[in-house]
Every structure is written in C-alpha cells, then in structure tokens.
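Structure record follows, encoded as structure tokens.
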Number of protein chains: 2
Amino acid sequence: MRSGCVNQACKVLRINPKEIKKFEPFDAETLKSFLKKELGEVDFSFSLSSLRKLPNFLRHDKPFKVVMVKEGKGRIVSDIVDEESPTYGLAIDLGSTTIAFYLYDVEKDLVLKEYSILNPQVKYGEDILTRLHLARKREKLLEIRNETLKAINEEIRRLGGESIYYLSICGNTAMSHFLLGLPVQYLILEPYPPVAKWYGLFKPFEVELNINPEGRVFIFPSAGAYFGGDLIAGLFYVELHKKEIPSFFIDVGTNAEVVLGNKDFLLACAGAAGPALEGGIFSSGCRAEPYAVYKISINRERNEVIFETIGNEEPKCLCGSAIIDLMAHLFKEGVLSPQGRLIKENWPERVLETEEGKAFLVFKSGERQILIKEYEIKAFIRSKGAMFCILSLLCEKVGLSFDEVDKFYFAGSFGININVVSAVILGMLPDSALDKAEAIGNSAGLGALKFLRCADFEEIRKIVDSITYIELNTEPRFMELLTGALFIPHVNLELFPRVKILLERS
Amino acid sequence: MRSGCVNQACKVLRINPKEIKKFEPFDAETLKSFLKKELGEVDFSFSLSSLRKLPNFLRHDKPFKVVMVKEGKGRIVSDIVDEESPTYGLAIDLGSTTIAFYLYDVEKDLVLKEYSILNPQVKYGEDILTRLHLARKREKLLEIRNETLKAINEEIRRLGGESIYYLSICGNTAMSHFLLGLPVQYLILEPYPPVAKWYGLFKPFEVELNINPEGRVFIFPSAGAYFGGDLIAGLFYVELHKKEIPSFFIDVGTNAEVVLGNKDFLLACAGAAGPALEGGIFSSGCRAEPYAVYKISINRERNEVIFETIGNEEPKCLCGSAIIDLMAHLFKEGVLSPQGRLIKENWPERVLETEEGKAFLVFKSGERQILIKEYEIKAFIRSKGAMFCILSLLCEKVGLSFDEVDKFYFAGSFGININVVSAVILGMLPDSALDKAEAIGNSAGLGALKFLRCADFEEIRKIVDSITYIELNTEPRFMELLTGALFIPHVNLELFPRVKILLERS
C-alpha cells in the first residue's frame with residue numbers, strides 16, 4: 001500500500017553553492033529560485049533559524065543540506081545544515097498499551113528502525129476508561145501527559161533528537177487528548193464529544209516534543225470519540241478512499257472497528273466485538289504477547305490439542321486467533337454445539353465439569369492448566385456474532401452483498417494471526433472472506449509512517465470528513481441481525497455455503 | 001487614509017454560551033459553526049491553548065471572549081478568555097533613533113496610547129552604518145538585538161503583556177535584521193543583499209517578544225537594503241497602490257526616499273538628499289527635537305530673525321524645515337545668491353566673516369550663537385537639488401510631468417514642519433507641489449497600526465513585489481539633471497513659473 005508519492009513531510013536537498021549561478025537581490029530569494037528550479041515546487045517560506053544561517057552557507061564553498069518541511073500547501077525551509085548532518089522523520093503509533101516508533105531516513109526514503117515500548121500510561125490503568133476517569137482532574141491529566149511525553153522524548157533523544165524534523169503521531173481519541181493535554185471530562189459523558197476533530201500541525205515547542213525546534217509535529221485527526229487518529233492513519237494507509245470497488249477495513253482491538261468504503265463513501269462502525277475476539281473476556285485469554293498460544297488445531301483420536309505459542313515457549317494463555325481456531329475445530333468435531341454448548345460425550349477426556357460449569361481443557365502441566373469455560377464461550381459467540389452483524393449492517397446500509405466487496409483488510413496482530421477459515425466456520429466472517437482476507441499489519445503505525453513519505457493534509461482531511469459513523473446503540477436493525485448470528489455459524493446456514501459443504505462432509 | 005477595512009489582525013467575539021443552540025459532535029466544531037454564522041468567515045483553526053480551555057467555557061453560563069488572530073488566509077482561535085480580560089494589538093515603528101508604540105484596543109477599534117521611547121541601539125552609534133559595522137560580529141549582533149528586545153519587552157509588559165495578541169512591527173532593513181538576529185555582514189557589502197524580503201509572521205516565542213504566547217508578530221517586509229519595512233508600512237498607509245492618478249510619497253530621513261506610483265506601478269528611489277534637508281550636515285543643524293528651531297522668517301529692515309522652537313524654548317539648533325525657511329527668505333531678500341553665496345552687503349549685521357568663511361548669524365545669546373556657514377549652504381544646495389532631481393527622474397521614467405501628479409505626500413515630522421512655499425522657492429520641490437503637498441505624519445507607525453485594523457498580507461506582498469527600485473549610482477541621467485538643479489531655484493527658471501513671478505515682483 002505504498003504509494004508512489006514523493007511529497008515527503010520533510011524533504012532534503014543537497015546544494016553545492018558553486019551550482020548557484022545567479023544571486024538575487026535577497027539571499028532568501030536566491031535560495032528560493034534554486035529550490036524552485038530543482039524541485040518544481042513554488043511556495044517556499046523560511047524559518048528564522050534558516051534565514052540566520054543562510055548568508056554564510058551561500059557564500060562558502062562547502063556543500064550543504066536544505067531541510068524543508070511541509071505545512072499547509074507550501075513548504076518551509078526549516079533548517080540548513082552541513083552535508084554530514086543526518087535528517088530524520090519519526091512516525092509514532094501511540095497505542096494505549098504500546099508505543100511503536102518508526103525512524104525514517106528522509107534522504108534514503110528508508111525506515112532505519114522500528115520498535116515498540118510499553119506505554120507508561122499503563123500504570124494508570126490497563127484500560128483507557130480507567131485512565132480517562134482519573135484524568136478528569138486536571139493535575140492527573142497533566143501527570144499522564146507528562147509521563148507520556150517523557151517516554152516519547154527519551155526515545156526521540158536516543159533516535160536523533162534535533163536531527164528529527166518531522167513527527168507524525170497517531171493515537172486513538174483518548175491518547176490524542178492525553179498527549180495534547182486536552183480536557184477529557186466530557187469525553188466520557190454522553191454524547192462523548194472530543195475537543196477537536198482536526199488537532200493540527202504544531203511546532204515542537206508547542207507540544208513539548210524535543211525534535212528539531214524548527215520541525216513540525218502532525219497529530220492525526222479524530223473522526224469521533226470511538227474513531228481516533230489510529231484508525232484515520234490506518235485508512236490513510238490502506239487507501240479504501242482511492243478504490244473503485246468497496247472494501248472492508250477491520251481493526252480488532254479493545255473494540256472491533258470496521259469501515260466499509262471506496263472512493264465515494266466511508267461507512268464506519270465500532271462495536272464491543274473486540275474484547276472477546278482479542279481474548280479479553282476469557283480468564284485464559286490474553287493479547288498476542290509472548291507465551292500466548294496463537295494457533296491451535298486438535299486431534300480428537302489422539303486426545304491432542306496442538307498449538308503454537310509466540311516465542312515458542314510453554315503456553316500461558318490463548319490470544320484471540322487461538323480461541324477462534326479452537327472454537328472452529330471443536331465445532332467441526334461436534335464437541336461444541338451450534339448454540340455454544342460443550343458436549344462432554346464427544347471428548348470426555350477434555351470436557352471437564354468444574355465449579356463454574358463445563359470447561360474445555362486446552363493444556364495441563366503439573367498444577368497449571370488452561371481452561372476455556374462454557375459461559376465464556378457464550379460471550380465469545382456474542383462477540384463473533386456482533387462482528388458478523390457489523391459487517392452485514394454496513395453492507396445493508398449501502399445495498400451491497402458480501403460478494404460485491406473487494407477485500408477484507410485486517411489490521412494489527414489479530415489480522416496477521418487469525419485463521420480466516422476458522423473465523424468463517426464460526427460465522428464470524430462471511431463465507432466470501434475466505435478468498436478476500438488480507439492482513440495489513442500495524443496499519444496505524446504504517447499510516448503514520450506513510451505520512452512522512454506522503455504528507456497530504458488535504459487527503460487526510462477528506463478521509464476524516466467523509467466518514468459516516470453508525471452508532472450501534474441507536475440502530476435497531478443491529479439487534480435484529482444479531483439474533484440470527486448467535487449460532488455457529490448462523491441460523492441460516494445458506495449464508496455460509498462453503499461451511500455447509502464442509503459440515504455435510506464431516 | 002483609514003480604510004473601511006474590518007479585517008482586523010486580531011478579532012474578538014463575545015459569546016454567551018446560552019446563545020449556542022446546537023452542539024456539534026466536536027467542541028471545536030461547535031465553536032466554529034457559531035463563529036462562521038456570526039462572522040461570515042470560513043477558515044478557522046485552533047491553538048492548543050484555546051482547545052484546552054474550550055470545553056469548560058462552552059459548558060458554563062458565563063459569557064466569554066474568543067480571540068482570533070489572522071494567519072495566511074485564515075484565522076486561528078488563539079485564546080478564550082473571561083469577558084473582563086482586555087484584548088490589545090500593538091503597532092511598533094522601530095526607528096533607528098526612536099521606537100514608537102501604538103496600543104490598540106481590538107474591541108473598541110481605538111488607539112489607547114501612542115508614545116515613543118529612545119532606541120537603546122543609539123548607544124552603539126548614532127548612525128546605522130556604525131551599528132551595522134559593529135554587528136558584523138555575531139556576539140555584537142546578538143547584544144544589539146537583546147538590548148532592543150529588552151526595551152520593547154519592557155514596554156509590552158507595561159502596556160498589557162499577555163493581553164496583547166498581535167504585534168505589527170516596521171523598521172528599516174537594518175532594524176529588521178537587528179530585531180530578528182539576521183546576519184548583517186553582507187548587508188554592508190555591494191550589492192548589499194538583505195537576507196530576506198518577506199520575514200513573515202511569527203509566534204511570539206520565536207522572536208522572543210513577550211505578548212500572548214498564542215498571539216502573532218508580523219514584521220513588515222523589505223523591498224531592498226535601502227527600502228525597508230518602514231517605507232512599506234508607509235506605502236501601505238498612504239495607499240498609492242490603490243490610486244488612479246500617480247502620486248509621490250516622500251520620506252525624508254537619513255536618506256530621502258521617494259516613491260511615485262498608482263495602482264499600476266510603484267517606482268522608488270532613494271538618495272543622499274536626506275541629511276542636509278534634515279539638518280544633518282549643518283553644524284547648527286539637528287533633527288526635529290526639543291529646542292530645535294522649526295520655522296523661520298526674517299525682517300531685514302529690523303535686523304530680525306523670527307523663529308519658533310519645538311517646546312517654545314530658547315533655540316539650540318535648526319531642524320531641516322527651519323533651514324529651508326531661512327534659505328528661502330535669504331534668497332528672496334537677496335542675501336543668498338542663486339549659486340549659494342552669502343552677500344554681506346545685503347545684510348551686513350548678520351553675514352559674518354569667520355575662520356571657516358562667511359556665515360549667517362541666526363541667533364546670539366551671550367556666548368552662544370547659531371551660525372549657518374556658506375560651505376554648509378553649498379552642501380544644502382546639493383541636497384535640495386538631489387531631491388528635485390529624484391522627483392524629476394521618477395516622472396521622466398514614466399513619462400509624466402509634475403502637473404500630472406496628483407499629490408505630494410510627505411511623511412514624518414519633516415513633512416509636518418516643512419514650509420512648501422520655501423521649498424518651492426529654493427527649487428527643492430517643483431512649482432506644482434504648492435497645491436499638492438500633504439503631510440501625512442508618521443506613516444511608518446500609522447502603517448503598522450493600519451495593519452492591526454486591516455491585516456491584508458496579500459496587499460502588503462503586492463506592494464513589496466510591485467516596487468521597482470532605481471539605483472541612482474548607476475543612473476547617468478541623474479547627474480545630468482543635477483547640474484541644472486545646483487542653482488536656486490534652477491538654471492531654468494521657466495520650470496518654476498510662480499517663483500519667477502515672485503522674483504519679478506520683489
């Protein structure tokens with residue numbers, strides 16, 4: 001999804017002053033004429049710091065680098081440096097759990113480093129709502145903000161400090177509010193109004209981020225309280241808005257956020273489908289983290305549950321994709337009924353009776369065991385059903401069938417790990433997703449990174465402005481759809497022709 | 001010359017939150033809709049500081065003030081404050097000798113205070129060239145800059161500090177370089193290239209001026225080393241560029257700077273006509289300052305020189321307008337020959353023989369006397385001739401006669417004090433100036449002030465870009481013209497029909 005765009009957020013031109021043939025009456029005009037000729041762009045202005053350095057650089061023999069940052073429709077000559085000085089951009093995906101960094105070499109158009117750190121906000125609460133409630137008090141908001149800035153500034157310092165000229169940051173709406181110190185007390189009250197849609201472009205000092213003082217910091221805008229800059233960055237990356245045929249963009253995290261769209265429309269919806277799918281509602285569930293099982297198959301004859309863990313270690317918990325695998329296999333083998341009941345007689349060694357009701361034994365080693373409980377499976381079915389209904393509802397709204405959708409793009413680690421066949425067997429994804437699913441990785445981070453390569457403010461503004469958000473709470477049709485989806489795969493098996501064939505075969 | 005323009009650099013709208021009928025999904029959009037409706041403008045963005053304050057102001061009953069500053073084509077909501085908070089703009093004319101301040105009440109559209117202080121740079125040299133030579137060294141440049149900033153910031157603090165949201169500053173090219181810390185070592189070397197034409201719009205922290213941190217600082221651009229922001233502000237004020245019929249704009253200071261133009265062209269020229277006219281080359285000359293004689297007439301019969309001094313005190317020196325008066329009267333009375341010689345026999349009591357040659361005694365009190373020496377008069381004639389030739393040259397260049405010029409606008413105190421009849425008798429101004437001269441006051445400061453009322457960046461850019469500057473050094477025609485102008489009034493008396501009549505009468 002990398003465009004051929006050369007409209008870099010920060011651009012660098014090397015100049016040998018000997019190449020400057022003609023001096024204009026003003027030094028800045030001399031440089032401007034040269035830049036126009038070389039770059040074919042027209043609208044240049046100058047930072048004070050570049051003006052202060054310009055006269056000497058122009059009149060010495062040493063080649064130098066002109067660093068230009070994008071602002072609005074024009075470009076600012078932000079700095080002039082020796083040709084040896086490095087010039088970076090930095091993209092940051094400010095997640096609620098981890099913060100991902102992408103260090104970008106402007107001249108080489110190359111990602112030099114890519115890594116994540118833990119978001120220090122976690123100590124104020126694992127989930128965002130806890131943090132938001134804390135941050136209703138201004139001093140707590142500022143404390144959370146400062147912790148976040150400290151952590152980011154420490155990475156900025158390590159990665160190049162003032163050699164970084166552009167920062168592109170995306171985060172969900174709460175993260176953006178924390179980062180900018182915007183009040184959040186109304187964000188948690190109906191109708192949940194964020195302070196702003198378009199946060200804007202900042203000079204580093206304004207947001208207290210210690211990149212080059214003449215650089216710029218772009219914060220991806222929010223389309224709503226539940227549709228933040230991370231999703232906008234994801235859409236910017238996956239480019240639904242440039243496609244002829246509509247596609248789905250699906251990001252499963254704390255919520256399941258789904259967008260259906262193409263060049264003409266972007267229809268968005270978020271639902272509480274996420275936690276279950278991400279492992280959140282299972283006592284043995286977890287995110288895709290080290291020691292997590294992420295893939296499962298079974299062999300009932302040999303009484304085996306075969307799995308792969310992240311890091312190849314002894315398993316501690318099951319992440320969403322593993323749970324989906326397990327549910328699908330148990331259903332195929334008749335151990336799980338279409339209503340979500342565990343059928344002990346079909347695998348007596350593994351279906352146990354516990355104080356909390358029936359449970360499936362995934363793994364046992366000494367005292368430690370991983371159990372999936374029947375009542376958790378019920379909640380899971382609600383989640384998978386919700387996912388299917390969100391997809392159905394979006395299609396219905398625009399009068400499309402699933403067959404008319406081009407792609408199902410899955411963002412994040414969930415998208416990388418999910419077994420689409422399992423998800424279709426469970427009726428979580430429609431039958432046609434089998435041929436159309438595509439994992440796109442961390443689309444939020446990649447979107448922020450794309451901005452460094454292709455800083456098109458207008459395009460991003462267009463994306464935000466063209467999103468129509470469907471509120472599930474006020475959508476009676478969603479509840480109607482959900483009734484049919486609370487079975488595996490669905491009350492209407494005809495919706496899943498290939499699952500039907502599979503079931504008839506087994 | 002005050003336009004009906006309402007496009008204030010800083011605009012304030014009072015809002016009673018009860019008037020806000022409809023809340024949008026984002027607080028910033030709620031305010032934006034309201035502003036659009038009230039102001040009819042469309043392009044609003046928000047400072048971080050205003051976003052931080054907005055949610056609470058929107059949800060409390062107290063009326064508040066929204067402060068919006070102009071940037072580019074749009075407006076930034078820069079701050080939100082209690083309705084009691086004052087909101088000011090400040091215009092500064094950064095002269096090389098004095099700094100003039102105009103405090104402007106944004107809501108009342110009223111100038112509250114207007115005064116000058118001495119420019120602390122004077123201690124680095126009375127004339128600009130001395131300061132420029134000193135400031136070739138970076139540390140001296142910064143020292144001069146800091147002294148200037150300190151003086152201005154002290155006034156800003158006294159006048160309202162953070163209640164000031166817009167600063168509009170004009171100064172000549174050297175002053176602008178000093179203020180912004182731009183290197184000046186090339187500004188004093190042929191071809192005298194300033195660092196930039198368009199300095200731009202700054203956030204206060206960038207230029208270290210302590211108005212409201214979310215305010216803006218505009219520095220008037222330069223059209224060249226010898227045509228600075230003070231003149232651009234003057235032109236912006238006098239509005240030659242909006243007139244059908246061409247007019248002259250004449251600013252006599254260290255140099256005489258003259259612009260001839262209308263809506264189609266602006267032709268500029270500067271020459272060393274200034275110092276003499278401003279009193280600079282006379283040992284008894286001075287600027288229009290306290291104790292200076294600014295008006296003179298004579299009564300030869302009674303052996304009297306009648307004068308008025310600034311402040312009505314005993315005279316210390318003669319400013320330019322007084323010298324012009326005196327020369328004209330002496331010429332009319334036959335005490336001064338057309339070649340600039342003092343004729344002793346025509347006023348023996350006052351024409352003295354001194355060690356430096358002949359001199360005219362203006363004033364004597366005890367030991368103190370004010371003398372005008374013959375050799376100084378020669379230099380004066382060169383200056384008055386240069387002024388006439390600049391005017392002639394500009395008219396020639398565009399094929400106009402003086403009769404076709406609409407107005408002669410005189411800037412500054414020179415313009416207020418000058419006796420046009422005297423200047424015409426001397427042949428410094430053409431005959432037709434008698435009916436067309438108009439003193440416009442401190443046009444630089446008034447231009448900076450006008451910007452607070454009418455912040456049209458594009459108009460100013462158009463003025464700067466449309467100026468064609470004539471370099472006298474490389475203009476042989478100037479020397480030709482000058483030969484005829486080194487007489488009083490001119491070798492060709494026909495050029496001064498009304499002076500001719502006057503001389504014939506006497």
Side-chain angles (χ1 to χ4, degrees), chain A residues 23-32 44-56 58-59 71-74 76 138 141 173 177 180-187 189 191-203 205-208 213-214 219 221-225 227 469, chain B residues 23-32 44-56 58-59 71-74 76 138 141 173 177 180-187 189 191-203 205-208 213-214 219 221-225 227 469:
Chain A
F23 271 72
E24 306 282 337
F26 301 84
D27 285 352
E29 302 299 308
T30 301
L31 183 59
K32 213 189 261 191
F44 289 100
S45 54
F46 291 82
S47 78
L48 208 45
S49 141
S50 69
L51 287 178
R52 286 175 183 156
K53 295 178 177 184
L54 179 60
N56 276 326
L58 274 186
R59 290 174 183 83
E71 180 172 292
K73 279 171 189 149
I76 321 270
R138 179 118 194 105
L141 171 70
T173 304
H177 277 58
L180 296 175
L182 299 176
V184 296
Q185 58 264 49
Y186 307 104
L187 194 59
L189 294 174
Y192 318 109
V195 177
K197 183 197 266 191
W198 186 262
Y199 306 110
L201 188 65
F202 299 96
K203 294 205 172 158
F205 89 99
E206 296 178 277
V207 286
E208 294 171 51
E214 291 294 348
I219 316 277
S222 288
F227 205 98
Y469 188 83
Chain B
F23 272 71
E24 305 282 336
F26 301 82
D27 284 351
E29 302 298 310
T30 300
L31 183 58
K32 211 190 262 189
F44 289 100
S45 56
F46 292 82
S47 78
L48 209 44
S49 140
S50 69
L51 287 179
R52 286 174 183 155
K53 295 178 176 180
L54 178 61
N56 277 326
L58 275 187
R59 290 175 184 81
E71 180 173 292
K73 281 173 188 147
I76 321 269
R138 179 120 194 103
L141 171 69
T173 304
H177 277 58
L180 297 174
L182 298 176
V184 296
Q185 58 263 51
Y186 307 105
L187 194 58
L189 294 175
Y192 319 108
V195 178
K197 180 195 270 188
W198 187 262
Y199 307 110
L201 189 66
F202 299 97
K203 295 205 171 158
F205 89 99
E206 296 179 277
V207 286
E208 294 171 46
E214 291 294 346
I219 316 277
S222 287
F227 204 100
Y469 189 82

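Letters A, B, ... are given to chains in the order of the sequence lines, protein chains preceding strands, and every chain is numbered from 1.
The choice from Thr30(B), Asp27(B), Val207(B), Leu58(B) that makes the most heavy-atom pairs within less than 4.5 Å of chain A is Asp27(B). The most heavy-atom pairs under 4.5 Å with chain A, out of Glu29(B), Glu214(B), Glu24(B), Arg59(B), come from Arg59(B). In terms of heavy-atom pairs under 4.5 Å with chain B, the best-connected choice from Pro193(A), Ser49(A), Ser45(A) is Pro193(A). The candidate with the highest count of non-hydrogen atom pairs below 4.5 Å against chain B, out of Pro25(A), Ser47(A), Pro191(A), is Pro25(A).
By the ring-ring contact (aromatic ring centres under 6.0 Å, His included) test, Phe205(B) is found to be paired with Phe205(A), residues two or more places apart in sequence or in another chain being considered. Qualifying side chain to side chain contact (heavy atoms under 4.5 Å, CB included) partners for Ala28(A), counting only residues two or more places apart in sequence or in other chains: Phe46(A), Leu51(A), Leu54(A), Ala196(B).
At a 4.5 Å heavy-atom cutoff, the contact between Lys203(A) and chain B is made by side-chain atoms alone. Residue Tyr469(A): no heavy atom, backbone or side chain, is found under 4.5 Å from chain B.
No hydrogens or angles considered: a donor-acceptor pair under 3.5 Å links the side chains of Tyr199(A) and Ser222(A).
To the nearest 0.5 angstrom, Leu31(A) atom CG is 14.5 Å from Phe26(A) atom CZ. Note that CG of Leu141(A) is 8.0 Å distant from CG of Leu182(A), once rounded to the nearest 0.5 Å.
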